[in-house]
Amino acid sequence: MAPVWQRRSAWACEDREVTSAPPLTDSTLVRAARQQAVSHTPVWFMRQAGRSLPEYRELREGTNMLESCRQPEMVTEITLQPVRRHGVDAAIFFSDIVVPLQAVGIDLDIVAGTGPVIAEPIRTRAEVERIPELHPDQISDIAESVRLLVGELGETPLIGFAGAPFTLASYLVEGGPSKNHERTKALMHGDPELWSDLCARLAQISSIFLQVQAGAGASAIQLFDSWAGHLSRADYLRHVEPHSRRVLGDLAEHHPDLPRIHFGVGTGELLVPMADAGADVIGVDYRVSLTDAVERTGGRYAVQGNLDPALLFAPWEALEARVREIVEEGRQAPGHIFNLGHGVLPSTDPEVLTRVVELVHEVSAP
Ligand code: 1CP
């Protein structure tokens, strides 16, 4: 069989599993993503499931992060916690971008206080060629978690997610979190063909990870290219975009009803190519105003964002003013999903998050 990057047909996750529920197309999240009218601006927070919640810390005690991600009852409970507590308009699946990498056999761990750490970084052709394809059977627990969740969530949509090929490649090549992504860029420029082969394999893995979540009942997906903001526009277009486009295109082909959100940090210069790569919604971090994001993307895309997570620590009056401004700016977009510019910081007071949800609902209702 031809290597993955030479095959033309889309990577399909043969849907032997029966979808447990149709996507919640009438939810405010899906409607906003599709540029349809909504009763209020939908709101959810990146990293809403996690360390800012005492009930999360209690449940996780004694269980390693990656093990937690593979236990359907635990995944279900952690995903539901912020929905119950804050009344957000969407749940984000509790997992991690490196879960499908571990599922194909890459030796890695998520180290508390550090993040993903790879036992043997991948830098040579031989190492790249040892990365196997992901098969849906290797993540049957993910499908089970999604089905359990969709049953519990009722009318609240579940957002499935995956890491984009560049962000995954950075962890694999660097061996862990990186400030400058120097080895990653050295590979990208030193051996573009090998780089492309690596990203093609990662695109296959992300594609199946998303399709399994979509097939089991997720109502939308988000592709996280968290570190793409470290790239120039030219490098993004040449070395990264085709692979992310492939992931988003596969999902569109197999699950055309599911809105696709594409997010990165510090990606103000990349908003247009990231949106055009096959997204319905462009994630905007706090460095760019929603007004500028809408203008840059020609008003063609719904936007998601973009409260600075650090502002959750400011006095309520200052925070309230900023939330109101963002909701107001969002009215200029063809669709707006309120979110943070990046993830909830672990020491955030969860009560502030609940107040923000209430405020967004209150001020955005007609
Ligand atoms: O001990 C702990 O509690 C581990 C902390 C943690 C959590 C709660 C990690 C380690 N991952 C997660 C869950 C997670 N990761 C979610 C769950 C749902 C939610 O958002 O509520 C999601 C969507 C992710 C995705 C993820 N993992 C991204 C993309 C999003 C982003 O923040 O940009 C990235 C870059 C990762 C890698 C990762 N995993 C964990 C950490 C601390 C990191 C980042 C490390 C780094 O700075 O490189």
Side-chain angles (χ1 to χ4, degrees), residues 43-71 74-86 88 90-102 108-118 142 145-146 149 158-181 184 202 206 209-210 213 218 220-230 244 261-267 283-286 304-305 309 339-348 350 353:
V43 47
W44 69 280
F45 303 112
M46 288 183 271
R47 293 283 169 99
Q48 65 189 18
R51 288 166 298 171
S52 67
L53 299 185
E55 58 269 36
Y56 166 81
R57 291 196 295 267
E58 197 183 312
L59 191 66
R60 273 285 321 282
E61 223 175 277
T63 313
N64 159 293
M65 174 66 191
L66 281 167
E67 282 165 19
S68 314
C69 293
R70 308 303 297 266
Q71 297 179 15
M74 193 177 279
V75 169
T76 304
E77 174 56 24
I78 293 175
T79 304
L80 290 172
Q81 284 174 346
V83 179
R84 279 192 214 113
R85 185 191 257 266
H86 304 307
V88 280
I92 175 89
F93 186 58
F94 180 76
S95 191
D96 195 85
I97 58 169
V98 298
V99 164
L101 301 181
Q102 192 197 38
L108 59 88
D109 197 7
I110 293 181
V111 177
T114 302
V117 175
I118 316 298
I142 299 294
S145 298
V146 170
L149 265 166
L158 176 69
I159 303 170
F161 74 91
F166 172 74
T167 290
L168 293 178
S170 170
Y171 284 110
L172 291 183
V173 175
E174 304 291 340
S178 167
K179 263 205 186 102
N180 301 310
H181 307 272
T184 312
L202 296 174
S206 283
F209 191 52
L210 287 178
Q213 296 169 69
I221 66 92
Q222 176 155 321
L223 190 63
F224 281 96
D225 209 351
S226 300
W227 312 140
H230 289 264
S244 297
I261 308 167
H262 200 180
F263 169 79
V265 181
T267 41
V284 184
D285 90 352
Y286 58 86
Q304 176 174 278
N339 205 315
L340 304 180
H342 197 189
V344 175
L345 298 165
S347 55
T348 304
L353 289 172

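Order of appearance sets the numbers: ligands from 1, and atoms from 1 within every ligand.
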**Report entry** Atom-level proximity to ligand 1, residues with heavy atom under 4.0 Å
**Finding:** Met46, Arg47, Gln48, Ala49, Arg51, Tyr56, Arg60, Met65, Ile92, Phe93, Phe94, Ser95, Asp96, Ile97, Ile110, Thr114, Gly115, Pro116, Phe161, Tyr171, Pro177, Phe224, Ser226, Trp227, His342
Query raised in the report: Aromatic rings Phe224 and Phe161: how do their planes relate, parallel, tilted or perpendicular, breaks at 30° and 60°?
Result: perpendicular
Query raised in the report: How many angstroms lie between atom CG of Asp109 and atom CD of Glu67, to the nearest 0.5 angstrom?
Result: 9.0 Å
**Report entry** Glu55 side, atom CD; Leu80 side, atom CG - distance, nearest 0.5 Å
**Finding:** 11.5 Å
Requested in this report: Give me the ring orientation class for His181 and Phe166: parallel if the planes are under 30° apart, tilted from 30 to 60°, perpendicular past 60°.
Outcome: tilted
Report summary line: Sequence neighbours excluded, the answer for side-chain contact (heavy atoms from CB on, under 4.5 Å) partners of Ala162 is Ser206, Phe209, Leu210, Leu223
Report summary line: dist Gln304:CD -> Ile159:CD1 (nearest 0.5 Å) comes out at 6.5 Å
